[in-house]
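Counting starts at 1 for both ligands and their atoms, following the listed order.
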Amino acid sequence: MAAISLYEVSPRDGLQNEAGVVSTEAKAQLIAQLVGAGVTDIEVTSFVRPGWIPQLSDAVELVRVLPRVDGVRYWGLVPNQVGLERALEGGIRHVATFLSASETHNKKNVNRTVRESLAGIEEVIAVARDEGVSVRGYISTVFGCPYEGRVPFEQTLRIVERCLAAGAGTIALGDTTGMGDPRLVREVLTRLFAAGVSPDQVALHLHDTRGTALANALAGWEMGVRQFDGSVGGMGGCPYAPGASGNAASEDLVHTFHAMGVDTGVDLDRLAAAGCFAESLVGHELPGRYHLYWKGARSRSASARTA
Ligand code: MG
């Protein structure tokens, strides 16, 4: 088994934050390339109300055409009970739910208080668990909220404890707008683990908005976290702010872990090729550092061959 696992979010979190709409066939090709690179956990789509997120309105059709591969888990994001039902009907066996640690962000994102969201999510988790479906709970704004600033740790802990008690297998701590720093990551994890949460119940969903994603991932790894969310090429920046980077780039994570001798189970070249394919789908350059390096090295070697 790989020492760390990459949870790939590009088909959902990446494409959701891109301006254009990608065809179902192209999404399936991207997912097949990720599987071919050895990625075993892929968040493929979101089962929100059809039409709410046009980029992901083909959730049911997409899941239907995905290749079934042993050991590969396709995850669907579900905002509520209706979304869970659609996901289950579509054949999804791994679901992710979400809410924010801060009131203002949660209110703006889903128009509910944290308390209301938590109650809804506990029901979703309970039903999923009864169906034998595994659940990951995303908590946004753990390391800072764009509206409220620092988020008290107690708010995160309360949500983590309730999601785990309800039956979630993994809690993904989200640095939603890249406000975290390595010291804060260590502090949050130290306090979570002191409260009885196990490192293998935690994933880190980091954003590179301010260039801290890799440093934060390393801090998490040193604390014992072994699952990291990434998006090939760093896809998923804000579509209206060119160059603004969002999700941690998968290639950057995998390259860094490999350089440290930490196995990820992923073929970095094939992952980078998937990143280039993803770039061709969104129609603009993706910001991932290893992605840009790999593309440059490939074009230099191609021109050396033709010279
Ligand atoms: Mg994200």
Asp13: which N/O/S atom is nearest the Mg ion (ligand 1)?
OD2
Is any N, O or S atom of Asp229 under 2.8 Å away from the Mg ion (ligand 1)?
no
If I take every N, O or S atom of Asn247, is at least one of them less than 2.8 Å from the Mg ion (ligand 1)?
yes
What closest approach, in Å, do His105 and Cys145 show between heavy atoms, and which atom pair accounts for it?
CB-SG, 4.0 Å
Not counting sequence neighbours, which residues clear side-chain hydrogen bond (donor to acceptor under 3.5 Å, both in side chains) with Thr264? List them please.
His258
Angle subtended at the Mg ion (ligand 1) by His205 NE2 and His207 NE2, rounded to 10 degrees:
100°
Euclidean distance, Arg162 CZ relative to Leu157 CG, rounded to 0.5 Å
12.0 Å
Strictly below 4.0 Å, N to O, side chains only: are Glu279 and Lys295 in salt-bridge contact?
yes
